[in-house]
Participant: 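Quick one: this structure, given as structure tokens, is what I'll be asking you about.
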There are 2 protein chains.
Amino acid sequence: MAVTLKDVAERAGVSTSAVSRTFTEGASVSSKTRAKVEKAAKALGYSPNALASSLTTGRTKLIGLVSNNFHNPLFLEVFDRFTRGLQDRGLRPLLVNLRVEETDPEASVRMLRQYSVDGAIVASSTLPPSFAEAYRAAGIPVVHSFGRFTTAPQVHVVGIDNVACGRMAGEALISRGYKRVAFLGGPEQATSTQDRALGFMAALREHPEIEVSASYASAYSFDAGRVEMTKLLMQGPAEAYFCGDDVLSIGALSAVQEAGLSCPGDIGIIGLNDMQMSGWQNINLTTIRQPVAEIIGASIDLVVGTVEDPTRHPETRLFPCKVIERGTLRALG
Amino acid sequence: MAVTLKDVAERAGVSTSAVSRTFTEGASVSSKTRAKVEKAAKALGYSPNALASSLTTGRTKLIGLVSNNFHNPLFLEVFDRFTRGLQDRGLRPLLVNLRVEETDPEASVRMLRQYSVDGAIVASSTLPPSFAEAYRAAGIPVVHSFGRFTTAPQVHVVGIDNVACGRMAGEALISRGYKRVAFLGGPEQATSTQDRALGFMAALREHPEIEVSASYASAYSFDAGRVEMTKLLMQGPAEAYFCGDDVLSIGALSAVQEAGLSCPGDIGIIGLNDMQMSGWQNINLTTIRQPVAEIIGASIDLVVGTVEDPTRHPETRLFPCKVIERGTLRALG
DNA sequence: TGATTTTTTGCAACCGGTTGCAAAGCGCCC
DNA sequence: GGGCGCTTTGCAACCGGTTGCAAAAAATCA
């Protein structure tokens, strides 16, 4: 069924090496044989088997794209950009969907090795660093995107500075004159939540006149945000909340509206991510934008660079975020 | 770096065949050598190279997952389920992200062949059937998920009956006593839009006393829905709309609310898909649910079945949809 | 024209596995 | 102990390519 190198060689009346060489960049072939080969190849509809060639070249052009964030709408955009970006460089994304409860990188390491991926991208803010580290230990060039900053990184990390974002959110609330503010985080054990809380609290420590509190939703989800905010409303809520992320924010927003309160009139909300729905006019969430395109571009650059030079030192690249003004926070002043 | 079959064989003091056989299901190995091999393999951290073995077995366990729907939030769930479902069967999804303007299957065919995928799944309601057909012509077992029903299918098609859905939407509006209804479709050239319109109109043809009209948004997107509905509101809108899909519906809903009108008080809306956000309480869209899990399960079954038996005849499997009652249509009566 | 250099070509080994085949090993029976 | 049938094993060829090397061909130079 499939047409092979040998078929083409036979038809073109040349050796298999000649055929192979016409299909490899920068190999030595005369234009005459190249023409013969290309003609035969076209006639037979030949396309080289990337996997067979990977055996000798050691390159599959396969990149493992590992994630467990298949519920956060932001990640549809993330997958879109990753797959496009990889394709544009002639690479192929091999998707690995980890269940959220998975904590052992072992199975995914084996998987990535079986398919001899050239590199891997861990795209998740909730997977522990041990995943990326396990891949690196297995000799796979890897970058952890949307990962956590560490001072002595073992692997490339690309993302945002969550502490700085927390601070930014705190300052946004302060500058709008709120006097009782709060953090509504994701799961307390998530490092992203911890860092965001840290920055938020740090900003507010400089304003002791402002009352501040914190609580945590059970997940980064709409329902969790809604449930938690409903609870807070019954206990007497703060004037404004920094919510762990946009989905959570929208859940909280929904609870506020359901309680017959207005946002930002009665309660202000600022989120984090700026996913597509946050800009929808009937949601219109004030939030902090994560520069997704830049993060993904840098991630791909890093993984490709490390494939080419495996001795390359681990880097951390953090991108600045910015507040997107919409309708869930009262005006500045 | 990588440890190979030969290394294991040497260490275990057996031939490479013995090692190969301990790792292939149902091969003839004594328990004694199996034990030796397994011990050596574990000590060296060996895992077989799936690509090398594919050379002789002809199976890569790679399935091409081809889509151009990276903007419809429903598809995050689709990708989640597909990747999980494939993984559960020991298969690996190789993601192919087609730009929406891509109309020539040629490049993707070549790609799928280069990586010798065992099969392919076209997951899109907007890609023309020519893609799946081109894959099949190239000898790749394929199923078109969320594709269009045809009477003489060349490839497996799994999805919903869009005509029936249109009818169902029409009947939902009729039974609620609306007297002036309309279809607000996606792009007019999309076959899914055409079919839904067809069914909708057919249902209303049985009720000549009801006034019916149709218009089309420029895309299946929030903005397109919002723009189109804004236009309709200025021209004097119908009492209730069947919108092409949920994103479109939410855009339309947003326009209604922005105009200071109430939904369902002034204008009713019913969507199609039942994506996650439609259930969010601050959206609360009445819609028709597409049984995504079933569609995906059947798609995987079909592609796996066809890999095992390539002579298998093309099938069409359509799943029934159902109306999900929420808050954007007036109560039955 | 012939010698020399450069380019092009094919041979054959190899990448990491699998598998048909025949030989070796084993258990069992007489 | 020898003969029989069944299981296990290793050899070697093969899957579809790539590549170092030396020979052949072409280009360059004197």
Side-chain angles (χ1 to χ4, degrees), chain A residues 1-38 40-41 44-62 110-118 138-139, chain B residues 1-38 40-41 44-62 110-118 138-139:
Chain A
M1 176 85 236
V3 17
T4 76
L5 200 61
K6 207 184 293 178
D7 303 328
V8 179
E10 238 159 68
R11 172 150 185 153
V14 297
S15 71
T16 59
S17 334
V19 180
S20 171
R21 286 195 257 257
T22 57
F23 285 99
T24 48
E25 199 78 16
S28 160
V29 230
S30 69
S31 51
K32 204 177 337 163
T33 47
R34 149 158 286 137
K36 276 197 293 185
V37 169
E38 279 175 349
L44 295 171
Y46 170 74
S47 60
N49 182 328
L51 303 180
S53 74
S54 83
L55 268 190
T56 35
T57 61
R59 291 282 167 86
T60 54
K61 300 189 164 221
L62 247 27
R110 204 165 37 240
M111 208 259 98
L112 294 174
R113 288 241 304 240
Q114 280 186 349
Y115 283 88
S116 341
V117 295
D118 289 349
Chain B
M1 176 84 236
V3 16
T4 75
L5 200 61
K6 209 183 292 178
D7 302 328
V8 178
E10 239 160 65
R11 172 149 187 153
V14 297
S15 73
T16 59
S17 333
V19 180
S20 172
R21 286 195 255 256
T22 57
F23 284 99
T24 47
E25 199 78 17
S28 159
V29 229
S30 69
S31 52
K32 195 157 11 141
T33 46
R34 149 158 285 138
K36 277 197 292 185
V37 169
E38 279 175 349
L44 295 171
Y46 170 74
S47 59
N49 182 327
L51 304 180
S53 75
S54 82
L55 227 34
T56 35
T57 61
R59 290 283 166 87
T60 54
K61 300 188 165 222
L62 248 27
R110 203 163 39 238
M111 210 259 96
L112 294 174
R113 289 242 303 240
Q114 279 187 349
Y115 283 87
S116 342
V117 295
D118 288 348

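The figures that follow rest on heavy atoms only: side chains count, while hydrogens, waters and symmetry mates do not. In what follows, chains are A, B, ... by sequence order, proteins preceding strands, each numbered from 1.
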Participant: Quick check on C/dG17: is either OP1 or OP2 less than 4.0 Å from any side-chain nitrogen or oxygen of B/Ser53?
Facilitator: no
Participant: Assign each of A/Ser54 and B/Thr16 to its nearest nucleotide of DNA chain D by heavy atoms, then name whichever residue's nucleotide is nearer the 5' end.
Facilitator: B/Thr16
Participant: Send over the distance from B/Asn49 CG to C/dC14 P, rounded to a whole Å.
Facilitator: 19 Å
Participant: Between D/dG17 and A/Tyr46, is there an OP1 or OP2 to side-chain N/O distance shorter than 4.0 Å?
Facilitator: yes
Participant: In whole angstrom, give the distance that lies between atom CG of B/Leu55 and atom P of D/dT18.
Facilitator: 12 Å
Participant: Can you find a donor-acceptor N/O pair under 3.5 angstrom joining the side chain of A/Ser17 to the base of C/dC11?
Facilitator: yes
Participant: Give one of base, sugar-phosphate or nothing for B/Phe23, where a contact means two heavy atoms less than 4.0 Å apart.
Facilitator: nothing
Participant: Rounded off to whole Å, could you give me the CZ-to-P distance for the A/Arg59 and D/dT19 pair?
Facilitator: 11 Å
Participant: With a cut-off of less than 4.0 Å, is there a side-chain N or O of A/Ser20 near OP1 or OP2 of D/dT18?
Facilitator: yes
Participant: Does D/dT9 have its OP1 or OP2 closer than 4.0 Å to a side-chain nitrogen or oxygen of B/Ser28?
Facilitator: no
Participant: Evaluate the side-chain proximity of A/Val37 to A/Arg34: yes if any heavy-atom separation is below 4.5 Å, no if none is.
Facilitator: no
Participant: What does A/Val19 touch in the nucleic acid at a heavy-atom separation under 4.0 angstrom: a base, only the sugar-phosphate, or nothing?
Facilitator: nothing
Participant: 5'-most contact on DNA chain D: B/Ala18 or B/Ala52, nearest heavy atom basis?
Facilitator: B/Ala18
Participant: Between B/Ala52 and A/Leu55, which heavy-atom pair has the shortest distance, and what is it?
Facilitator: CB-CD2, 3.8 Å
Participant: Please state whether the phosphate of D/dT9, meaning OP1 or OP2, lies under 4.0 angstrom from any side-chain nitrogen or oxygen of B/Thr33.
Facilitator: yes
Participant: How close or far is atom C1' of D/dT19 from atom CG of A/Leu5, stated in whole angstroms?
Facilitator: 13 Å
Participant: Side-chain N or O of B/Thr56 versus OP1/OP2 of C/dT18: is the shortest distance under 4.0 Å?
Facilitator: no
Participant: Does A/Thr57 have a side-chain nitrogen or oxygen under 4.0 Å from the phosphate oxygens OP1 or OP2 of C/dC15?
Facilitator: no
Participant: Tell me what B/Thr24 touches on the nucleic acid: a base, only sugar-phosphate, or nothing, going by heavy atoms under 4.0 Å.
Facilitator: sugar-phosphate
Participant: Quick one: does B/Arg21 reach the base of D/dG10 with a side-chain donor-acceptor pair under 3.5 Å?
Facilitator: yes
Participant: With respect to B/Leu5, which candidate in B/Ser20, B/Pro48, B/Ser17, B/Ser53 satisfies the side-chain contact (heavy atoms from CB on, under 4.5 Å) definition?
Facilitator: B/Ser20
Participant: Do A/Val19 and A/Val14 have side chains that approach each other closer than 4.5 Å (heavy atoms only, starting at C-beta)?
Facilitator: yes
Participant: How long is the line joining CZ of B/Arg113 and C1' of D/dG16, in whole Å?
Facilitator: 14 Å
